[in-house]
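Following: one structure in structure tokens, then a few remarks.
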Amino acid sequence: DNFESWPESATYGYFGGGYAPLYVDTVDRIDFLNETTSAPGNNLPQARYSLGAVSSSSYGYFGGGYAPPSNYVNTIDRIDFLNETTSAPGNNLSQARYGLAAVSSSSYGYFGGGFTPPYSAKIDRIDFSNETTSLPGNNLHQARSSLAAVSSNSYGYFGGGFALPFVSTIDRIDFSNETTSAPGNNLPQAKYQLAAVSSSSYGYFGGGYAPPYVSTIDRIDFSNETMSLPGNDLPQARSDLAAVSNNSYGYFGGGETPPEVTTVDRIDFSNETTSAPGNNLPQARGGLATVSGGASQRIKGSRTYGYFGGGKTSPNSSSRVDTVDRIDFSNETTSAPGNN
């Protein structure tokens, strides 16, 4: 289980870049504890929009996009979750493009699709251990831009986009071997410029342009890859938005209605209701990207068992034991594994 990369201990979400209507380098922050938003003060080194972003346990990486005056870029900018400083690590995408999407495993980030021109199916990989970038060799089955992506522990799913015309396609990347495939279940509605968040069980694709601007949320069930409409949509229809999540909520921020907006909408993963928490982005903009992180230690391991070790068996402090007892999280039975 990929708990090491799961954002359950992330403390903040960061919205970076976009247009307002001029291109911006702004980084806005949402505090997952109280849902307040602020500007931490360190922005991207380069103003651009329609970029993609991935997170490791220590850093967020914003890749690609469209920058002034009229340039497709392959730039990767990094935010350090420990101190929120931004920098350029020096290794960029193999191809300059914008309108791409990205997903993360525990070891790698994958940037897929985009517009170069023409439309691209390429997947670039960033290795979180050394920040080198490479081409794993397996690309999306359909070249397209302005798509969105979600991830389970095992797979990443790239959904929707624009490919003359807009599409409902979902492509899947298997994190274990980096092969790509089409699972066969696509979005109920073809749309582009949408955003997406993941819970532990589902992925949610929200908003976009169909046309017209839509508030629809489409859900993919990670257990069987079926698609459905949970029934609760975003309070505001818009496109070119971005989304970020912790273990309890997903937040869809910014976008264009038109004009550009500061709106943050929330989906509650426990019951799939949507609401407006009341704290919006400090700056109205569309075409932005997001990462989850924070100065916190992520849980490692598969979390299958809990172990109780040592202690004393009586009020007498000399009655100490070396016993290790185990609790199985799947059925809450206890046992003694035998190694103390």
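Distance check, rounded to the nearest 0.5 Å: OG1 of Thr133 to CG of Asp127 gives 10.0 Å. The distance from atom CD1 of Ile79 to atom OG of Ser58, rounded to the nearest 0.5 Å, is 12.5 Å. Of the inter-residue distances, the one linking Glu272 atom CD with Asn232 atom CG reads 7.5 Å to the nearest 0.5 angstrom. Distance CG/Asn186 to CD/Gln189: 13.0 Å, rounded to 0.5 Å. With rounding to the nearest 0.5 Å, the separation of OG in Ser245 from CZ in Arg266 is 14.0 Å. Between the OG atom of Ser215 and the CG atom of Asp233 there is a distance of 4.5 Å, given to the nearest 0.5 Å.
Side-chain atoms of Ser292 and Asn246, non-hydrogen and from C-beta on, never get closer than 4.5 Å to each other. For the pair Val264 and Leu281, the minimum side-chain heavy-atom distance is below 4.5 Å. Residues Val150 and Val103 are not in side-chain contact: their nearest non-hydrogen atoms beyond the backbone lie 4.5 Å or more apart. Side-chain contact between Leu229 and Asp218: present, with at least one pair of heavy atoms (C-beta onward) separated by less than 4.5 Å. The shortest side-chain heavy-atom distance between Thr216 and Lys191 falls under the 4.5 Å cut-off. Considering only heavy atoms from C-beta on, Thr36 stays 4.5 Å or farther from Ile30 through its side chain. A 4.5 Å side-chain heavy-atom check between Thr75 and Asp77 finds at least one atom pair inside the cut-off. Taking 4.5 Å as the limit, every side-chain heavy atom of Tyr209 sits out of range of all side-chain heavy atoms of Phe162.
For the residue pair Tyr157 and Glu225, a side-chain donor N or O sits within less than 3.5 Å of a side-chain acceptor on the partner.
The two residues Asp124 and Ser94 come nearest to each other via the heavy atoms OD1-OG, 2.7 Å. Here the shortest heavy-atom pairing between Ser50 and Tyr98 reads CB-CD1, 3.4 Å. Summarising the geometry of Ala163 relative to Ala143, their closest heavy-atom pair is CB-O, 3.3 Å, with the distance given to 0.1 Å. Closest of all the heavy-atom pairs between Pro337 and Ser335 is CD-O, 3.6 Å. Of all heavy-atom pairs spanning Arg238 and Thr263, the tightest one is NH2-O, 3.3 Å. In this structure, Ile123 and Gly112 approach most closely via the heavy-atom pair CG1-CA, 4.1 Å.
The hydrophobic cluster containing Leu51 also contains Val291, counting ILVMFWY residues as joined when their side-chain heavy atoms lie under 4.5 angstrom apart, directly or transitively. Following chains of ILVMFWY side-chain contacts shorter than 4.5 Å, one can reach Phe15 starting from Phe32, so the two form part of one hydrophobic cluster. No continuous path of ILVMFWY side-chain contacts below 4.5 Å connects Val167 to Leu164, so the two sit in separate hydrophobic clusters. Follow the hydrophobic side-chain contacts under 4.5 Å out from Ile267 and you never reach Ile220; the two are in separate clusters. Note: the hydrophobic cluster containing Ile217 does not contain Phe222 (ILVMFWY, side chain heavy atoms under 4.5 Å, direct or indirect links).
Salt bridge status for Glu256 with Arg285: absent, with no side-chain N to carboxylate O gap under 4.0 Å. A salt bridge is absent between Asp25 and Arg48: the closest approach of a Lys/Arg side-chain nitrogen to an acidic carboxylate oxygen does not fall below 4.0 angstrom.
Panel note: side chain Thr116, backbone Pro118; a donor-acceptor pair is recorded below 3.5 Å. Remark: side-chain polar atoms of Ser228 are not paired, donor with acceptor, to backbone N or O of Pro230 under 3.5 angstrom. Here the side chain of Thr180 pairs a donor or acceptor atom with the backbone of Asn139 at under 3.5 angstrom. Remark: the backbone N or O of Gln193 is not paired with any side-chain donor or acceptor of Asp240 at under 3.5 angstrom. Distance alone, capped at 3.5 Å, is enough to place a donor-acceptor pair between the Ser198 side chain and the Ser151 backbone. When atom types are taken as modelled, the side chain of Asn92 and the backbone of Ile76 share a donor-acceptor pair closer than 3.5 angstrom. Using modelled atom types, one side-chain atom of Asn74 and one backbone atom of Leu93 make a donor-acceptor pair closer than 3.5 Å. Judged purely by atom type and a 3.5 angstrom limit, Arg144 uses its side chain to pair as donor or acceptor with the backbone of Thr169. For the pair Thr290 (side chain) and Ala243 (backbone), a donor-acceptor distance under 3.5 Å is present.
Side-chain rings of Tyr19 and Tyr23 stay apart, their centers remaining 6.0 Å or farther from each other.
Heavy-atom neighbours of Asn339 CG from other residues, nucleotides or ligands within 6.0 Å: at or below the threshold of 12.
At least one test fails for Arg97 against the ring of Tyr72: distance under 6.0 Å to the centre or angle within 45° of the axis. Remark: Arg125 qualifies as a cation-pi partner of Tyr108 under the 6.0 Å distance and 45° angle criteria applied to the six-membered ring.
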Evaluate Gln95 against Ser120 for side chain to side chain donor-acceptor pair (under 3.5 Å), listing each step before the verdict.
CA-CA 9 Å; Gln95 182 184 49; Ser120 175; 3.0 Å; yes
